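These figures come from a predicted structure and were not determined experimentally.
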Amino acid sequence: MKALAARRHDRRAPAMLLLLALLLVGAVYAVVAPSSAEAVTKTATADDITAGEKLFQANCSTCHGPSASGTDSAPSLIGVGAAAVDFQVGTGRMPMQMSGPQAQAKPVQFTDEQIGQLAAYVATLGAGPAIPTAEMVDPALGNPASGMALFRTNCAMCHNAAGAGGALSQGKFAPNLWETTPTHLYEAMLTGPQSMPVFNDANLTPEEKRDIIAFIDEQGEGSPGGLDLGSLGPVSEGLWAWVVGLGLLLGISVWIGAKSS
């Protein structure tokens, strides 16, 4: 009994108890909050993943490597998650049509089922962002007013204040966002394609991302003030005012001068 009591009061006991507590907390968290890769593969069958691997080897491995670990001409896809695949392939940016400063959107090369299979396969290579649910991207559940403030703070410097897009350096550009689906908008914020930074949940919460989507969705409904003049901002609008206004004034001046003579 004395030996047991001595062991209980060993100086190393608090450290061992703390280590056991940390291990227990980690195990509980792993069960309650599965990784993004698990969230994607939960609805994907083994057949989907197998089919996705075959599609990858036939269409993507030339650039990204047979094991998706990347090559000199394309980055590694390990850990990019299903969301990155769904965005790049779902918008037609991948497979790339030609080399250039950035991949450009074009007609989609795969069916929705094939895109899902590719995403499911890549998700098994490493934990990464999952494809958002319909509720996460529903504009009707967002706050456009809050989204406007967030968009103009985080996105307008590249995409323009109304999401009309704009030029960047070295031949790159920020695309127009009006035709982009809510799911692809969310995935772009989550994965940071091309020159775009990543907006994880610590930068923009899921609710804030949905608010931004709600704001962009409203921009596609037209300009309440009439002509939007391309929605390129006050510089272009001011240019129109100068060109049209001065043009009219000069025209009227010439007409008055011709009438008086």
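Ser69 and Ser67 share a donor-acceptor pair across their side chains, judged by distance under 3.5 Å alone. Donor-acceptor pairing under 3.5 Å is lacking for the side chains of Thr50 and Asp47.
Applying the 6.0 Å contact sphere to CD of Gln57 captures more than 12 heavy atoms from other residues, nucleotides or ligands. Around atom NZ of Lys106, more than 12 heavy atoms belonging to other residues, nucleotides or ligands sit under 6.0 Å away.
Placement of Ile131 and Met136 in two distinct hydrophobic clusters is found when ILVMFWY residues are connected by side-chain heavy-atom separations under 4.5 Å, directly or transitively. Tyr186 and Phe215 end up in the same hydrophobic cluster when Ile, Leu, Val, Met, Phe, Trp and Tyr side chains are linked at under 4.5 Å. Hydrophobic clustering of Ile, Leu, Val, Met, Phe, Trp and Tyr side chains at less than 4.5 Å, counting indirect connections, keeps Ile78 apart from Leu190. Under the 4.5 Å side-chain heavy-atom criterion for ILVMFWY residues, no single connected hydrophobic cluster contains both Phe173 and Leu177. Linking ILVMFWY side-chain heavy atoms closer than 4.5 Å, directly or via other members, places Ile213 and Trp178 in two distinct hydrophobic clusters.
The CG atom of Leu185 sits 9.5 Å away from the SG atom of Cys155 when rounded to the nearest 0.5 Å. Going from atom CG of Asp86 over to atom OG1 of Thr181 covers 8.0 Å, rounded to the nearest 0.5 Å. Atom NE2 of residue His159 and atom CE of residue Met196 lie 5.0 Å apart, to the nearest 0.5 angstrom. Leu246 CG to Leu249 CG: the interatomic distance, rounded to the nearest 0.5 Å, is 6.0 Å. Atoms CD1 and CZ, on Ile216 and Phe151 in that order, are 5.0 Å from each other to the nearest 0.5 Å. Here the straight-line distance linking atom CG of Asn154 with atom CD1 of Ile212 works out to 6.0 Å at 0.5 Å rounding.
Closest heavy-atom contact between Gln219 and Ala162: CG-O, 3.5 Å. Smallest separation of non-hydrogen atoms from Pro95 and Gln109: CD-CG, 4.1 Å. Of all heavy-atom pairs spanning Asn203 and Val198, the tightest one is OD1-O, 3.5 Å. Residues Leu55 and Gln117 approach most closely at CD1-OE1, 3.6 Å, considering heavy atoms. The two atoms that bring Ala161 and Arg152 nearest to each other are O-NE, 3.5 Å, heavy atoms only. Taking every heavy atom of both residues into account, Gly52 and Leu118 meet most closely at O-CD2, 3.6 Å.
For the pair Glu187/Pro132, a side-chain contact is recorded, criterion being any heavy-atom separation below 4.5 Å from C-beta on. Using a 4.5 Å heavy-atom threshold, the side chains of Met94 and Pro193 count as separate. Under the 4.5 Å side-chain criterion, counting only non-hydrogen atoms from C-beta, His64 is not in contact with Ser76. At a threshold of 4.5 Å between non-hydrogen side-chain atoms, the residues Glu135 and Arg210 count as touching. Between Leu168 and Cys158, the closest side-chain pair of non-hydrogen atoms falls below 4.5 Å.
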Stepwise, does the side chain to side chain contact (heavy atoms under 4.5 Å, CB included) test hold for Met148 with Glu218? CA-CA 10 Å; Met148 178 183 67; Glu218 284 203 346; over 6 Å; no

After noting the C-alpha distance and the side-chain angles of Gln194 and Gln88, does the key distance pass the side chain to side chain contact (heavy atoms under 4.5 Å, CB included) rule? CA-CA 10 Å; Gln194 312 300 331; Gln88 296 286 357; 4.1 Å; yes

Determine whether Ile115 and Val108 satisfy the following criterion, side chain to side chain contact (heavy atoms under 4.5 Å, CB included), listing intermediate values before the conclusion. CA-CA 10 Å; Ile115 294 171; Val108 181; 3.9 Å; yes

Chi angles and distances behind the side chain to side chain contact (heavy atoms under 4.5 Å, CB included) call for Lys209, Leu150: CA-CA 9 Å; Lys209 290 184 178 73; Leu150 290 165; over 6 Å; no

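Using bins of under 30°, 30° to 60° and over 60° for the plane-to-plane angle, the ring pair His184/Phe87 lands in the perpendicular bin.
Put simply, the side chain of Asn176 never gets that close to the backbone of Gly165: no donor and acceptor are under 3.5 Å apart.
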